[in-house]
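A short worksheet on the structure shown next.
Below, chain A is the first sequence line, B the second, and so on; all start at residue 1.
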Amino acid sequence: MWRRFLTVGVCVMADALTTPEVERVLVERLRRGDRGAFNPLFERYRERLFWVAFHMLRNEQDALDAVQETFVRVLRAIERFDTSRRFYTWACQILINYCVDRLRRRSSSRENVSLEDVAAPDAGSGFDPEEAVARQEERRRVFDVLQKLQPPYRTVIILRELEGFSCKEIAEMTGTTHATVRWRLHRARTMFREIWEKEYGGLYR
Amino acid sequence: MRCEEVRDLLALASGGDVSDEEWRIVERHIAECPSCRRLYMAFCEDRARVESLRGLRLRGDLSAALAARRRHILHPYLGWVVRFAVAAVVALVVTLFVVKMIPSAQTPPSHQTPAEVFVNDTTDFVKKAFENATVKDTPRSTPKYERCRILEEADATVDF
């Protein structure tokens, strides 16, 4: 029992520290060749990166490969990492570049899979089956509409809405200008609206 | 401001991606124009829909598969080393098998055709078989021989 309390305490203390500071320490340790510093970074970001890759590539095996390749590249280029940036922004940039390249080459012959094949079903306290089914159906629709957007627009909308990056950060990550990101975001939201209207109707007529 | 001009800003304004000046223009316009207000609300609904994809949890087996990738990340060439080692062992075994099990491959007679080699080998084999099959020693311990020997000894000892 006391171990559990200790673990919870350590987690709370770790969260209390600001993330960039923790990351900076871990990156410094990685640069010195301490492979033990890799695990906290991997544990913290592997699932977030997986979901970004999955929304981009729409195949769970491709997404697993993308996350693996991203961390391999991170380890290879850790010396060049600018510690004034956030680690996740940098890792996500590597992941997006990999996914865009993969989509451009279309090297994968794997089939697209649906969201339900990958996501765990909702559960927990106050679990309402009907509400869960409705939420699942809504997510499936959103996922399908997102997949109908062209990769540049899908990338922008995933990074902005799901990952919460600012337009400036997205411009830095995708190697474009702030104005281009704003234009793509405007186009992406407008196209999403049009496809949603066409497929499922909506509030606006 | 006209609706066409404001509508270009509505999608961005729904996510807070406009400047303060642009937001003031949008806010003023949607307060007066019901059509643009509905469109703005629809964009906000869309944002909420997309954000519902946040916080998804990964299926158990996929989560384990993702965690298992750590080994490949830290040791990216381990798989190739193992594959190379297995291939080397297989190649060694095959080579040994070929060398040991095909004797003709060791000393092929250069002046004989394969047909001649076959005939000579067969002839040698038959000769050896005949030599091994020849009875060189009479089986002196057969009952018949024993009987004759006893009779001869008896004849020799009988005094007439």
Between B:R69 and A:F71, does a side-chain contact (heavy atoms from CB on, under 4.5 Å) hold up when you go through it step by step? CA-CA 10 Å; B:R69 294 283 177 130; A:F71 277 108; over 6 Å; no
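- Salt-bridge check for A:K168 with B:D17: failed, with every basic side-chain N at 4.0 Å or more from each acidic carboxylate O.
- The backbone N or O of A:E161 lies less than 3.5 Å from a partner atom in the side chain of B:R54, making a donor-acceptor pair.
- Remark: the backbone N or O of B:L56 is paired with a side-chain donor or acceptor of A:W51 at under 3.5 angstrom.
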Walk me through it: do A:D117 and B:R59 pass the test salt bridge (charged side-chain N to carboxylate O under 4.0 Å, His left out)? CA-CA 8 Å; A:D117 295 334; B:R59 218 177 56 202; 5.7 Å; no
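- Rounding to the nearest 0.5 Å places CD of B:E45 at 10.0 Å from CH2 of A:W196.
- For B:R71, the CZ atom counts as loosely surrounded, since its 6.0 Å shell holds 12 or fewer non-hydrogen atoms of other residues, nucleotides or ligands.
- One finds the CD atom of B:E51 at 9.0 Å from the CZ atom of A:R160 (value rounded to the nearest 0.5 Å).
- A:I158 does not touch chain B: none of its heavy atoms, backbone or side chain, sits under 4.5 Å away.
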Go through the steps for B:S52 and A:R135 under the test side-chain contact (heavy atoms from CB on, under 4.5 Å), then give the verdict. CA-CA 8 Å; B:S52 72; A:R135 199 181 309 132; 5.7 Å; no
Test B:E22 against A:R182 for salt bridge (charged side-chain N to carboxylate O under 4.0 Å, His left out), laying out the working first. CA-CA 13 Å; B:E22 287 169 331; A:R182 264 171 62 98; 3.1 Å; yes
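- Counting only distance, with no hydrogens or angles, the side chain of A:R139 and the backbone of B:L53 share no donor-acceptor pair below 3.5 Å.
- At least one donor-acceptor pair under 3.5 Å links the side chain of A:H186 to the backbone N or O of B:D8.
- Your options are B:V50, B:L62, B:V18, B:I73, and the one with the most heavy-atom pairs under 4.5 Å with chain A is B:I73.
- Under the 3.5 Å distance criterion, the side-chain polar atoms of A:R189 are matched with a main-chain donor or acceptor of B:A11.
- Of the two parts of A:L75, only the side chain, counted from C-beta on, holds a non-hydrogen atom closer than 4.5 Å to a non-hydrogen atom of chain B.
- Of the listed residues (A:V67, A:D65, A:T70, A:L115), the one with the most heavy-atom contacts under 4.5 Å to chain B is A:D65.
- For A:E138, the part lying under 4.5 angstrom from a heavy atom of chain B is the side chain only.
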Would B:L10 and A:T190 count as a side-chain contact (heavy atoms from CB on, under 4.5 Å) if you check the C-alpha gap in whole Å, the side-chain angles of each, and the deciding distance to 0.1 Å? CA-CA 9 Å; B:L10 287 180; A:T190 307; over 6 Å; no
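- When each of A:V72, A:I157, A:V145, A:L162 is checked for heavy-atom pairs under 4.5 Å with chain B, A:L162 comes out on top.
- For A:F50, the part sitting under 4.5 Å from any heavy atom of chain B is the side chain, from C-beta outward, and nothing else.
- Heavy atoms closer than 4.5 Å to chain B are found in the side chain of A:E43, but not in its backbone.
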